[in-house]
Each structure stands twice: as C-alpha cells, then as structure tokens.
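One structure is given here, and the rest of the page talks about it.
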Amino acid sequence: MDFVAIEKKWNEKWEKDNLYKFDENKLDKKFYLLEMFSYPSAASLHLGHWWNFGLSDSFGRFKRLQGYNVFQPMGFDAFGLPAENYALKTGIHPEDSTRRNISLMEKQLKDLGATFNWEYELITCDPEYYRWTQWIFVQLFKKGLAYQKEAPVNFCPKCNTIIANEQVVNGHCERCESEVQHKNMRQWFFKITEYADRLLSGLDKLDWPEKTKILQRNWIGKSVGAEVDFYTEDGLKLTVFTSRADTLFGVSFLVIAPENKLTEKLIKKENRKAVEEYIAQAAKKDEIERTSTTTPKTGVFTGSYVINPLTNEKVPVFVADYVISTYATGIVMGVGAHDERDFDFAKKYGLEIRRVINDKNGKEQPLPFTEYGVLCNSAEFDGLTSAEARTKIVEKLEKIGKGRFKTNYRLRDWSVARQRYWGCPIPIIHCQHCGAVPVPEKDLPVILPHISDYKPEGEGPLGKCDEFMNTTCPVCGRKARREADTMDTFVDSSFYMIRYPESNHNNTCLADKKHANAMLPVDCYVGGVEHATGHLLYSRFITKFLHDLGVIDFDEPAKRLIHQGMILGPDGRKMSKRNGSKTADDYVKEFGSDALRLHMMFSLKYIEGGPWSDDGIKHMKAFMERIERICTKWAGLSGKSAPQTKAEKDLEFALNKALKDVAENMESFSFNVAVARLMELVNAMYKYDTIEEKNIALCKQTMKDLLIMLAPMAPHFAEEMWESVGEKYSIHNQRYPQFDESKLQQDAIEIAVQVNSKIVVRMDIPTNATNEEIVSVVKKNEKVSAVLAGKSVVKEIVVPGRIVNLIVK
RNA sequence: GCUGGUGUGGCGGAAUGGCAGACGCACAGGACUUAAAAUCCUGAGUUCGAAAGGACGUGUGGGUUCGACUCCCACCACCAGCACCA
C-alpha cells in the first residue's frame, strides 16, 4: 500500500468534509481535550511535536469513537523572547516572523492528520486575544491583585529584562543561560500569594499526577508557625517568624538579613566597620553562593541586644547573609540547642547552647526533633508535647501583645512585567495627578504598535515610541504616559483554555458564562511536567480569580492532567539538531505518518518517554500490511459458515479480550499495551485463518472491530481499509464496540498446580468445575500423586482460573 | 541535605498478592525462492545436563504470606524537583 498517497487523499477529504467538526448542540457529551499549545518556531515539526500532538490526538480519536463530542482546539503561544531575539539577529520584525512561522506550523500540524478544531484557533498576539489578557490585568488591578512595588528582581543582562523566579535555573537565565543579576526595580506583580491556601487545598480534588501535586505543594511551601516580637533596649521591634515557638526558651541569638531595612538601625558605632564590610561582601556573592547548604554560615555581631519576650533574657543580634530577606520577616531566632545550622553558628561565634547531646562518636550534636520543647524550666510548660507547648506559648505571647499565630508561604508574588517589545502591553496609564490608572475597558485592547526600534535597553522599548506612549489620563483628562512594559507570556497562556470555546463566538465578554460552564473545565489536559510550578500554577490562580469575579462557576482549569514523558535523542540526552539524525518529516516520507504514530505509541511508555530509536518503525508498516492481507482475504470470503468449533471460540475470545483491553489501555494512556493487544488479535486472526472452513460472519465482525480499534492509532490506514473492505465512510464516525463478557468465559482454562507453593504441573480444568471437583481432578494427576505419595494434605488453596496449591506435610 | 520517582532478558517493555518476561525489536533455525528481499512457521531468562530433568532468577538484605516484581522495613544505584524557607 502506498501510505503516503492514502494519507494525502484522506487528509484532504477529511478537511473538505470537516469530519471532526465540534458540535455546539451536543454539549452534554462534550469532551474537552487539550494539549498545551506551542510556541511558533521556524524549525519544522520535530519528533517531540509528533509525540505530544500526535499521540494525544489518538486519545481524542478514541474518545470520539466512544461517542464523545470531542473539542480539541489548537493555537499558538505567539508572544515571547525567541521571536524578538531572532528579530534582533536578522532584522525581521517579530510580527512577521511569528506570522510566517504560524502558517508554516499550521500546515504541518494539519499534515499530522489530527482532529484539531481549527475554527477555534487562538493566537496570543492577536489583539482580539490580548484584549482579554489586558482585561484580566485591569480586573486584577481593580481588586488590588496587580500592583507595583520596588522589589529585588532577577534581571538577565543578555535578554535585558526581568525574569520570573520560575525562569531562573541555578542562578542562570533559563533561556540564554547568562548569569542572573539582582536589582531593585519598581515592578508589576500579581498577588498570587493571596490565593496560596486555595491553590494548595484545591489540589486535593484534582485528578492530576501525584508528582505534580507534590511539586506544587512544595513550591507553595506552606509553613504554619508564629511571629514573635523581640525589642532592643532602644525600643526597636524585631519580629521573627518561627515554626517552633516551643524552642523559644532556648533562643541565644537573633539573625537578621543584610538587606533588611532594620539592619542599619541595629549597628552600633564600634561594630560599624566590621558590619559594613560584611554587608559589602555579602552583596558581591551571588545567589548560589549564599543559598547553598554547603556554604559555611558566617555572620557579624551588630552590637545590639534584644529581650526574649518569654524569658526576659538578653540575646545578641547578628547580621548573616544566610537569612533570606524576602521570606517572612527576614529575621530569624537562633536556637543552638535545636537546630543544626544554629548549632554550628553558635559554636563558631561562641554563643550559648543550652543543652547538647553526644552522638555515638561522642561528638556534640543539637537535640533531636523529638526532644523539642523540653528546654523550659517553667512548670507552666513542663510535660507538654512540643505541639502543645507551641500553642500555649503563642497564646501567652498574644496576651502580652508580643506574638501571634502566623502562616507563611514560600510562594512569592508573580513578577509579570517585561522590559521587552514583543509582548502584550500592560493596560495602565501613568498620570502625574491620578497615579497608575487602568485603561477603561471600552478602550481595550491597547494595541501593540508596529515599531522598528525594539532593541531592549533595560527599559521597555515601547518607551521610545511617543505615538504609543503619549495619551491622556482617563480620569482627569490631562496629558499622561502609558506603561512601557509588556507582560510575561505566562499571563497570555494562563487563561487560554477558558478562551478557546469562545474564540469563534462574537461575544463581548471573556467567556459567555453559560457556555463556559458547559464547556469547561478541560476534561483532559496533556503537557509536559516542566510546567508544574509555572504555567499550571498560574492558570489555576487565574481560573480561581475569574471564578471569584463571577465570570465562571468552576475554579480549576483542568480535571485530569497527563504528562507525557520527554522523547530524548538516541544518546539519551535532550533532543537537539545534532543528535536527531532524521526529522519527523523524513520518517513520514519514508514510512508514512501512521507508521510513525504507531511506532511512537508502541515503542515507549507515553508517560515516561525515553530515548528515540527508529528500530522497528519499518515493522509498523509491516504490521499494517499484515492487517491488510488478512482483511483483504477475509473481506472476500463467502459461502456457508462452519459449525461451532474450539478455534472459533478462541477467536471470539481474542476479539473480546482486545476490545476490553484496548479500551482500558487507551483510557490510561498506556498506548504501548493497547497496540500490543491489537497485535495479539491479529496473531489470533492468522491462527484462525489456517482453519479450512471458517465462520464467515465472525471473520467479518472481527475484521471490522479490529479496524475500528486501529482507527485512533493509524487513522489513514484504517480509513483506507474500511473503504476497501466495503464499509461506509467514515470509520471515524463509528462507535467503539462493546465487548461481550460471555465470550471471555472459556470452557476450560489452564491452571498451575502447586504442592507447597511449588509448581508441579499445569493442566486444563473446566471453567465451571467446583473447587472440590478441581482438587479431586488435580490429585488424580500422575505427577501430582507422585509428589503427594506418603504425605497428607493439610490445606487446599484454590484460586479459580489461576492456581491450585496443596499444602502437605 | 530534604522531597518525590524509578530499578524486570541484549533492547523497548507486560503482569487486580496467584504460571515472571505478554507484545515487539535484535538474534538463531526452518519453509518459499536460482538467489536475495518480503512473507509464513519455529526457538530462545541464566545456568548445569547429550537428554529427561534440575538449580538460580524482577537492584541488595530482611519481614509479612500457602504464595511477593507487586505489601512492610532497611540499604544501594540512577533520575527529577527544591536547595540555608527559620
């Protein structure tokens, strides 16, 4: 069969017939399947795209066969740095290269033969799309959840922009790998921390991989504890956060971060020189050096002392760069007796350690976890568990106004401004009289101007375009300037799944509430695990926000989440141009897209991925040809059906087993097993084919069902065969057949016979035999009776259809 | 360091606590062919044995169980995430 030719033929016909059109009138059976959209790149589709889009499409096709009205939209995450960097290199405007890449990619995605609903296509750089990106910004701003503050930011000197914490990898820019600098700049943030608790609790009800939930939980990093106020002699308040208030009795020093605003006020005259030197040195260190667990902890005494509110003891205050200024209060209490870090620090600077224990080598160690809380010499707290002591201590502090219960999160607010051109403009107008004012909704979208000088110079390039920048204040009408920064592309992608169903509706709202509620959340979202603490967290946040606004009734974007594994180069490393000798296109030309798809499904686990190998791709072609031969032969059969035979029952069994298992394995994305089950069925068909007189009705039924099961995996080939065996177009509109439980019951089944759990013999036992009958038959077996000779059976264990185990003495 | 995950033939990988290695690749043998390819059939965990048959086998060591790849404990290796979060 000429696979390439039939693929072309059917792709054209399917497109002409709009075969996979989403039916807006059947929303009760809708199934929203979404594959994370991609960045429009200039390179042609690589194997990874096929792996992601092609295989999740097979899942969608399977759901279609099950009778679902599958909604599988496709679009492009079109703003972002690559287009801009490419533009700086080549002089081609980002808009032009992006548009060109999109049309190239659309064509190739169509060649996949996937069932995408192109009429709902979204492109994030279209004004009609980013109108809503801006609308969301304005709503966040109005609720106080989008705000500006001077903050230390990660600045990439090469990309010339601020980047999010999530985009910093080991202190380096995720994209260009240059070392990230830390600057204080006035920045736009989204207050995602406001939703920290709900982002955490919402995870429980989601059908998401446990791994991803853990990643998000750790990222949010909830820590329940208390704040405790320590005062200096001068009356300066230093508030610390601790999750172990029960160790307050053991505090022997306080440590403050160098960047903390209060630090300066703590430095005494005679300590000034040493402290300033220390701070200057700390400022030079990069993030890795400061936050590595292996870096020895250093600090310097400020000269100030504070009073422990519980014991009234006087303890010294140190500055140390291991304290993170942005977490909690940026001040930590040191308890040498309890914490290994504090223990080392106390040793180093000769500070008090209340109590130590000796480990098995006689070395001094801080107290183990279980002995927390034992240090107080106060009858009031004696005998309590550490948890009880914690509560009681904080309650006492609350009474005297020097402490309170407090929960902190590791999660920081989302830094969303970028000093780059190719992004969604921030819809804010800065007025000297009115401050930062949101652009009125009727004036959205704020169109990104088509400018030629988009070179980044540390400030938004839009700032150089007066036509864009100069405007009037919507509140007072005086002259004002627009915000020059654009938004992080993760803002664009944080709500696209909500926008898709509306994208071809001419509505004037982000989402028609009734329609959105019927279409969403996404039933199955497929994408890489690398987005666990980025996109997947942001989109949950924005969904919750839109829910609170009343735009939608659901508050999670996707019910079920599947991560594909990554497909690696043959050397086991990340796929690159260097190690991928052939492109997807080469394989399609040589073997056809169905063979490529089948090979990908069969040769690796979808959830785990692994190194790409093309060994066996030609056998997928052979597998299809094997199906073609048997189907062509069986389609031509005619005459009388043969009577019931064992062989016929075997074939019926094989068919129904396949129907059952293929469905189960497709549902769980175990594509490799699903294909294996089909191969078993084909093997069974060949076995049955050796019989002279066949049950023709059964042959034809088996053949048809086989092709339907194959349709999601090899859509073009299955359609071609469907036609050639004389069935009506299209196979993709058929229903996945139900399996017949009764056909899975065999008359006799082979069981293993064990004596003392050791297999002695295997024998066929009638399925309907009782346990007693089975045991009696088994005991009569020659080999079994030989082993049993002279011994008495003390116990008989019968697992029907599986095993008989005779325990003897 | 902490938190997860993974560990099964030469390879990709199967296996609701019940016959480990399904299905396939690579390999070997056979049929067809002048021959090759394709196709069809057969074999194959390792090891001892001519064979019948035996022993050992799911990272290592224990445990629970009539029975463990599967459950529990400890350890080892690799991978990923977080990386002084008080």
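All figures in this text were calculated on a predicted structure; none of them were measured in a lab. Letters go in sequence order (proteins before strands), and every chain restarts at 1.
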- Atom P, compared across rU33(B) and rA28(B): separation rounded to whole Å: 23 Å
**OP:** Mind checking Glu750(A) for me? I need base, sugar-phosphate or nothing, with any heavy atom below 4.0 Å counting as a touch.
**Re:** base
Grab the N/O contacts between the protein and nucleotides 55-59 of chain B below 3.5 Å, and write none if there aren't any.
{"unit_1": "rA55(B)", "atom_1": "OP1", "unit_2": "Lys758(A)", "atom_2": "NZ", "d": "3.2"}

Whole-Å distance, Lys297(A) NZ to rA83(B) P, equals 15 Å
Q: Take atom C1' in rC11(B) and the same atom in rG21(B), then report the distance between them in whole Å.
A: 13 Å
query: OP1, OP2 of rC82(B) versus side-chain N and O of Thr533(A): anything below 4.0 Å?
result: no
Regarding the side chain of Tyr327(A), the nearest nucleotide among rC19(B), rC85(B), rU3(B) is rC85(B)
Below the 4.0 Å mark, does rU16(B) have OP1 or OP2 next to a side-chain nitrogen or oxygen of Arg802(A)? no
Each nucleotide N or O in nucleotides 13-15 of chain B that has a protein N or O under 3.5 Å away: list the pair and distance.
{"unit_1": "rG13(B)", "atom_1": "O3'", "unit_2": "Asn672(A)", "atom_2": "ND2", "d": "3.0"}
{"unit_1": "rA14(B)", "atom_1": "OP1", "unit_2": "Asn672(A)", "atom_2": "ND2", "d": "3.4"}
{"unit_1": "rA14(B)", "atom_1": "OP2", "unit_2": "Lys605(A)", "atom_2": "NZ", "d": "3.2"}

Ignoring hydrogens and angles, write down the donor-acceptor pairs under 3.5 Å from the side chains of residues 758-766 of chain A, residues two or more places apart or on other chains.
none

Pick the C1' atom in rA38(B) and in rG53(B), then give their distance to the nearest Å. 41 Å
- [ ] Please state the C1' separation for the pair rU60(B) and rU8(B) - nearest whole angstrom.
- [x] 15 Å
Applying the 3.5 Å cut-off to both distances, the Watson-Crick or G-U partner of rA22(B) turns out to be none
Sort me out a list of protein N/O and nucleotides 65-69 of chain B N/O pairs below 3.5 Å, or just none if empty.
{"unit_1": "rC66(B)", "atom_1": "O2'", "unit_2": "Ser757(A)", "atom_2": "OG", "d": "2.4"}
{"unit_1": "rC66(B)", "atom_1": "O2", "unit_2": "Asn805(A)", "atom_2": "ND2", "d": "2.5"}
{"unit_1": "rG67(B)", "atom_1": "O4'", "unit_2": "Ser757(A)", "atom_2": "OG", "d": "3.3"}

- Query: Is the charged tip of Arg341(A) near the ring of Tyr322(A): under 6.0 Å from the six-membered ring centre and within 45° of its axis?
  - Reply: no
Side chains of Ser325(A) and Asn260(A): is there a donor and an acceptor less than 3.5 Å apart? no
Between CD of Gln216(A) and P of rG4(B) the distance, given in whole Å, is 17 Å
Taken to the nearest whole Å, CE/Met624(A) to C1'/rG24(B) is 15 Å
Ranking Lys783(A) and Ile749(A) by the position along RNA chain B of their nearest nucleotide, the one closer to 5' is Ile749(A)
Worksheet item: Is a side-chain donor-acceptor pair under 3.5 Å present for Thr193(A) with Asp413(A)?
Response: yes
Applied to residues 668-683 of chain A, the salt bridge (Lys or Arg N to Asp or Glu O under 4.0 Å) test, sequence neighbours excluded, yields Asp661(A)-Arg677(A), Arg677(A)-Glu680(A)
- Message: Using atom C1' in both nucleotides, what's the gap between rA14(B) and rG24(B) to the nearest angstrom?
- Response: 11 Å
Whether each nucleotide of nucleotides 35-45 of chain B has a protein heavy atom under 4.0 Å at its base (B), only at its sugar-phosphate (S) or at neither (-) is summarised, 5' to 3', as ----SS-----
Legend entry - Atom C1', compared across rU47(B) and rA31(B): separation rounded to whole Å: 33 Å
Item checked: Rounded distance in Å between the C1' positions of rC69(B) and rG17(B) -> 11 Å
Side-chain atoms of Asn218(A) come closest, of rU3(B), rA86(B), rC85(B), to rU3(B)
If you measure from the P atom in rU58(B) to the same atom in rU70(B), how many Å do you get, rounded? 9 Å
Of the candidates rA20(B), rC85(B), rU3(B), the side chain of Ile214(A) sits closest to rU3(B)
Compare all side-chain heavy atoms of Phe249(A) with those of Asn308(A) and state whether any distance is below 4.5 angstrom. no
